[in-house]
Amino acid sequence: MEWAMSLLVNNPHVIKKAQTEIDVHVEKGKLLDESDINKLPYLHCIINETLRLYPAGPLLVTHESSEDCVVGGYNIPGGTMLLVNMWGIQNDPNLWDEPTKFKPERFEGLEGARDGFKFMPFGSGRRGCPGEGLAMRVVPLALGALIQCFDWERVGENLVDMTEGVGLTLPKAQPLEAKCRTRSLALDIVSQV
Ligand code: HEM
C-alpha cells in the first residue's frame, strides 16, 4: 500500500485515470465495495505494476530442491537451498519494456493474476502465497477507497523518495508523507464512515 501510494503521488495522471474509472463504474455516493472490484481493471493494473516494481518478497521465501534437477543449464543437486530473485526477473530489461518506469498500462488485457513466470509477486506452485486471494481483495478495496475519496499531493516540490530500505520484505527507506483532501464527489461518503 505504501509503495502504491508513493507511486501514485509521484504520478498524478495515474490517480486521475483511476478516479475516473471508479467514478464511472461505482454508484454515485457509495463507497466502493467488493462487488465493484471486478469492474475496475485499471486499479488492478496499478496494483500489479506496484507488485512488479516493489515485490513484497523480492527473493520469495527459501525453497529446497526435493531431487536432482537442471535449471537454466545448471545441475542442482537434491537438498539444495534455492532463492528465486523475483525482483530481478520482474525488473529484467530483457523481459520488460522500460522496466524501471511505472506504467500500469503494461498490464492491460492480462487475463488472470500472472504473466507466465515473469510476474510472480506471490510466488508459484504448492508453496506459493496462500494469502494471494485475500490480498487481492483487500488491497483493491483499501487502495480504491483512498483513490475514490481523496485527492493526493506531494508535501513539497520534491518527488517522493523511492529508495528501497534493507529487509526481506522490501520496506521503503523513508516513510511516505503526503497531503490529502476529500474530493467534493466523496464528501457524503467520507462523512458517513
Ligand atoms: C500483497 C500481499 C502479499 C504478498 C505480495 C505476498 C507474497 C508472498 C510470497 C512472494 C510468498 C513466497 C511464495 C514462494 O516462495 O513461492 C508468500 C508466502 C506466504 N504468504 Fe504471502 N503475500 C501477501 C499476503 C499474504 C497474506 C494476506 C497472507 C495470510 C493471510 C499470506 C500468507 C503467506 C504464507 C503463510 C506464506 C508461506 C507459504 C508456504 O511457505 O507454503 N500472505 N507470500
Side-chain angles (χ1 to χ4, degrees), residues 1-11 14-15 18 22 32-34 36-38 40-72 74 76-92 95-96 99-104 106-108 110-148 152 160 162-176 178:
M1 286 291 297
E2 192 180 12
W3 285 117
M5 284 309 300
S6 302
L7 287 162
L8 290 175
V9 170
N10 279 349
N11 292 275
V14 176
I15 304 193
I22 291 170
L32 60 78
D33 64 26
E34 212 173 336
D36 299 308
I37 289 175
N38 288 340
L40 304 172
Y42 191 63
L43 180 61
H44 282 95
C45 291
I46 293 171
I47 294 166
N48 281 345
E49 180 68 339
T50 305
L51 288 169
R52 182 188 70 80
L53 283 163
Y54 302 102
L59 299 175
L60 302 185
V61 298
T62 51
H63 290 251
E64 184 184 293
S65 50
S66 49
E67 53 190 55
D68 296 355
C69 58
V70 180
V71 178
Y74 292 91
I76 313 288
T80 305
M81 186 193 282
L82 299 166
L83 292 171
V84 177
N85 186 354
M86 211 54 234
W87 186 96
I89 296 169
Q90 292 185 171
N91 286 275
D92 184 342
L95 298 173
W96 301 90
T100 56
K101 287 226 169 111
F102 177 58
K103 288 200 293 189
R106 70 172 87 237
F107 284 99
E108 276 172 353
L110 176 70
E111 294 282 332
R114 299 224 166 81
D115 190 359
F117 290 104
K118 69 178 198 178
F119 178 64
M120 295 192 299
F122 293 96
S124 182
R126 281 190 299 172
R127 301 303 298 270
C129 176
E132 177 173 356
L134 176 63
M136 289 310 278
R137 278 168 187 73
V138 173
V139 175
L141 281 180
L143 191 64
L146 293 178
I147 294 171
Q148 181 187 24
W152 293 89
V160 173
M162 300 301 282
T163 310
E164 295 164 5
V166 179
L168 285 176
T169 53
L170 203 67
K172 270 185 105 254
Q174 302 298 331
L176 168 65

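In listed order, ligands and their atoms are each counted from 1.
For K101, the NZ atom counts as loosely surrounded, since its 6.0 Å shell holds 12 or fewer non-hydrogen atoms of other residues, nucleotides or ligands. E64 CD: more than 12 foreign heavy atoms inside a 6.0 Å radius.
For ligand 1, the atoms lying closer than 4.0 Å to a non-hydrogen atom of A56 are 5 (C).
Atom 2 (C) of ligand 1 has A135 CB, 3.6 Å as its closest protein atom, hydrogens excluded (heavy atom only). Nearest to atom 30 (C) of ligand 1 among the protein's heavy atoms is L134 CD2, 3.8 Å. The nearest protein atom to atom 33 (C) of ligand 1, hydrogens excluded, is given as P130 CD, 3.5 Å; this is a heavy-atom distance. When hydrogens are left out, the protein atom nearest atom 21 (Fe) of ligand 1 is C129 SG, 2.2 Å; that is the closest non-hydrogen contact. For atom 40 (O) of ligand 1, the closest non-hydrogen atom on the protein side is R127 NH2, 2.9 Å.
Ring geometry, F119 versus W96: the interplanar angle exceeds 60°, so the pair is classed perpendicular (tilted spans 30 to 60°).
Atom 28 (C) of ligand 1 has its nearest heavy-atom neighbour, among P58, G128, G131, G133, in G131.
Under a 4.0 angstrom heavy-atom cut-off, V139 registers as lying outside contact with ligand 1. Within the structure, the closest approach of E132 to ligand 1 does not fall below 4.0 Å when heavy atoms are considered.
Residue contacts with ligand 1 for S124 involve N, CA, C or O but no side-chain atom from C-beta outward (heavy atoms, distance under 4.0 Å). Counting heavy atoms under 4.0 Å from ligand 1, residue V61 touches it through both backbone and side chain.
Ligand 1 has no N or O atom lying under 3.5 Å from any N or O atom of R126, backbone or side chain.
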